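On a predicted model such as this, the values are computed, not experimentally measured, just so you know.
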Amino acid sequence: MPPVARLQVPVLSQLLAALGPSPLRLLTSPAAASTPVSGVWIHEPRAALPPGRHALLLAVGTRPASAEAERLLRQAAQAGHAGLVIKSYGEPAAALAAAAEEASLALLTADEDLAWHHLDALISAALAAVARPGGGGSATAVGDLFALANAIAAMVGGATAIEDPYLHVLAYSTLPGQPIDEHRRQGILGLQVPYVPVNEAQYRELGRTAGVCRFTAGPGSLPRLAIAVRAGTELLGSIWVVDADGTLGPGAEQALAEAASIAALHLLAARTAADLARRLGGDLLRRVLADPGSAAVVAPQLGLSTDAPVAVAAFTVLSADPGGALAAHAALRFTDLVSLHCEAHYGRPGCALIDGTVYALLPAHPAGAQPAGAQAAGRTHRELVTVIARRAQQALRLPVRAGLGGQVGGLASAAASRQDADLVLRVLASRPDPDSGSGGEPLTASIDEVRASATLTELAQDLSGLPRLGEGAGPAIRAHDAEHGTSYAATLLAYLDADSDIGAAARCLNVHPNTCRYRLARAEQVFGFSLADPDERLLLWLQLRLAR
């Protein structure tokens, strides 16, 4: 019987090497890097500190310059922890580092933009990768997914693809002599798993299986081995290996299972890098919308020239509890969905969640494509906004509204396009929801499609402080309807909107034409105006229309 391979206990220096320079930085002396690390704990301020032999303690919510931080550090040392991880947020940590040296405890600082739960998953995956038999020295550089795919292909014995949970092909092997099929070729060309009728059942089985799955050949495809990649219970993606001759045996399955634990670290690192880049793009967009003068500084970071034509789209998701936790969670998911779609089309330009609205910066043409005319770019933007809104509504199962601002001549004018997009959302907010609710088509429009209504909306805002607009027949009719339950305002608006056509107004109101005539005559008598006077007609229409 062959000896059972034992897992080695990693030391802090191995963990830091596996994570790379971004997530964690050691603040204490290099001697602390030889400390064994066996796991990771998240500190809960209201709970007792558990004994954690050689564990890293994540000091969530603890300020490094506070007395609480030093107290927690000494408790961690007494409990046998390997180190304490803090986020400095600009506060000095020298005193805490000195206390850590005195307590013989490693003190580390984490990237401030990295969520604690992501850091927890990253450390856990890195420890698992380093602790596996032989997992110390020759590991593929974290984040190099193509090198990892080649390493897996050589280790397992078949062409390999690494996918994310959304069936995007993140990387694929390029070793010569390994057979592939047409489905793999299509996936590589489009970096997206092509639709095959058996896909849904296969991915469902893969998602509920802990080990390696074997899938037999279908029409036009070769057999495959596949395994889900997880960090704890979180699904990060999957690895697929072509078994061209059907000869990959238990040894290949074991090698693929080992590769999945290594891949978890790579996928987490890649996702964290993407999250950080997405957050940076959002911060840059917020900056240029708030300060157009920053366009010259922001443009290169977004991969745009300062005078590149752009448009801004605005998206909102409606919730029964706008201020609740579920609405906040939906807004964050919505931001991710919009970001992913925009990145797929335009690359780096950002998306930002501002006061509950998701804004997306849309260049006139995709990166590397030929410049498009304003009309062609507008059609492309309009189509993309519709697709994003429809898919987001299907995913979130909540009504979505989307507005597209006009294309402007440079990044410095992006704020003007944002005003257009906000105005479109205000116009859409005054319209009834689709009959089918979240299952129907979302409400979407561009500024060109609702320019008249948008202009009236702006006019209503500009004239809201004009005293005379609040005097006369219009406000009196509104007040009378509210007090007595009458319908004079609706009748007058229907009549004026129908260009004084009594029949059309009656059909709109679903009443008899004589009823419409009576209401109009009675309104003139009660409120003292004349529909024959063009100035009175215009003022009355403005008062009733803008009030609505």
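Taking CD1 from I239 and CG from L148, the interatomic distance works out to 6.5 Å, rounded to the nearest 0.5 Å. If you take CZ on R418 and OH on Y359, they are separated by 4.0 Å, rounding to the nearest 0.5 Å. Rounded to the nearest 0.5 Å, atoms CG (L15) and CG (L56) are 6.5 Å apart. Atom CZ of residue R401 and atom CZ of residue R426 lie 13.5 Å apart, to the nearest 0.5 angstrom. Atom-to-atom distance recorded for S417:OG and H381:NE2 is 9.0 Å, nearest 0.5 angstrom. Taken to the nearest 0.5 Å, the CZ atom of F334 stands 8.5 Å off from the CD1 atom of I388.
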Exercise for the section: In sequence, state the C-alpha distance, the side-chain angles, and the governing distance for Y203 and E163, and then conclude on side-chain contact (heavy atoms from CB on, under 4.5 Å). Expected result: CA-CA 11 Å; Y203 281 97; E163 303 171 5; 2.6 Å; yes
Problem - Step-by-step side-chain contact (heavy atoms from CB on, under 4.5 Å) determination, L267 to D164 - result: CA-CA 8 Å; L267 290 179; D164 70 6; over 6 Å; no
Exercise for the section: Evaluate the side-chain contact (heavy atoms from CB on, under 4.5 Å) criterion for residues Q202 and R224: first the C-alpha distance (whole Å), next the side-chain angles of each, then the deciding distance (0.1 Å), finally the verdict. Expected result: CA-CA 11 Å; Q202 289 184 350; R224 278 168 171 74; over 6 Å; no
Handout entry: Residue pair R390, T444: steps toward the side-chain contact (heavy atoms from CB on, under 4.5 Å) verdict
Key = CA-CA 9 Å; R390 182 184 298 122; T444 62; over 6 Å; no
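In this structure the side chain of V312 never reaches within 4.5 angstrom of the side chain of L362, judged on heavy atoms. Annotation: side chain of F146 is not in contact with side chain of L170 (no heavy-atom distance under 4.5 Å). By the 4.5 Å heavy-atom criterion applied to side chains, H43 and L58 are not counted as neighbours. Counting heavy atoms from C-beta on, the side chains of S221 and E182 never come closer than 4.5 Å. In this structure the side chain of V400 never reaches within 4.5 angstrom of the side chain of T316, judged on heavy atoms. No side-chain heavy atom of P223 sits less than 4.5 Å from a side-chain heavy atom of T216. Side-chain contact check for L108 versus L12: some heavy-atom pair is nearer than 4.5 Å. Annotation: side chain of I447 is not in contact with side chain of L404 (no heavy-atom distance under 4.5 Å).
Closest of all the heavy-atom pairs between V169 and G187 is CG2-O, 3.8 Å. Here the shortest heavy-atom pairing between G403 and A421 reads O-CB, 3.7 Å. What you find for P179 and V242 is that their closest heavy atoms are O-CG1, 3.6 Å. Of all the heavy atoms in T386 and R382, the pair that sits closest is OG1-NH1, 2.6 Å. Closest approach of L289 and A415 over heavy atoms only: O-CB, 3.7 Å. Looking at every heavy atom in both residues, S446 comes nearest to V424 through C-CG2, 3.9 Å.
Side chain of S413 to main chain of G409: no donor-acceptor pair is present (N/O by atom type, distance under 3.5 Å, no hydrogens or angles). Checked by atom type and distance alone, the side chain of D307 never pairs as donor or acceptor with a backbone atom of A412 at under 3.5 Å. S453 places no side-chain N or O within 3.5 Å of a backbone atom of V450 that could act as its donor or acceptor partner. Judged by distance alone, with hydrogens and angles left aside, the side-chain atoms of R25 form no donor-acceptor pair with the main-chain N or O of D111 at under 3.5 Å. At distances below 3.5 Å, not a single donor-acceptor pair connects side-chain atoms of Q407 with backbone N or O atoms of A311. For N150 (side chain) and T174 (main-chain N/O), a donor-acceptor pair under 3.5 Å exists by modelled atom type. Not one N or O on the side chain of Q254 forms a donor-acceptor pair closer than 3.5 Å with the backbone of G251. In this structure, H183 contributes its side chain and L222 its backbone to no donor-acceptor pair below 3.5 Å.
Test L411, V288, L284 against L361 for side chain to side chain contact (heavy atoms under 4.5 Å, CB included) and you get one pass: L411. None of L119, T109, L57, D120 except one satisfies the side chain to side chain contact (heavy atoms under 4.5 Å, CB included) rule with V85; the exception is L119.
Checked for salt-bridge contact, D181 and R185 miss the test: no charged N lies under 4.0 Å from a carboxylate O. Using a cutoff of 4.0 Å between basic side-chain nitrogens and carboxylate oxygens, R451 and D420 are not scored as salt-bridged. With respect to the salt-bridge test (charged N to carboxylate O, under 4.0 angstrom), the residues R214 and D243 qualify.
For Q419, the side-chain hydrogen bond (donor to acceptor under 3.5 Å, both in side chains) criterion is met by no residue, not counting sequence neighbours. Listed by chain and number, the residues in a side-chain hydrogen bond (donor to acceptor under 3.5 Å, both in side chains) with T160 amount to none (sequence neighbours excluded). Listed by chain and residue number, E200 satisfy the salt bridge (Lys or Arg N to Asp or Glu O under 4.0 Å) test with R204 (two or more places apart in sequence, or in another chain).
Annotation: Y172 is not in aromatic contact with W240 [ring centroid separation under 6.0 Å not met].
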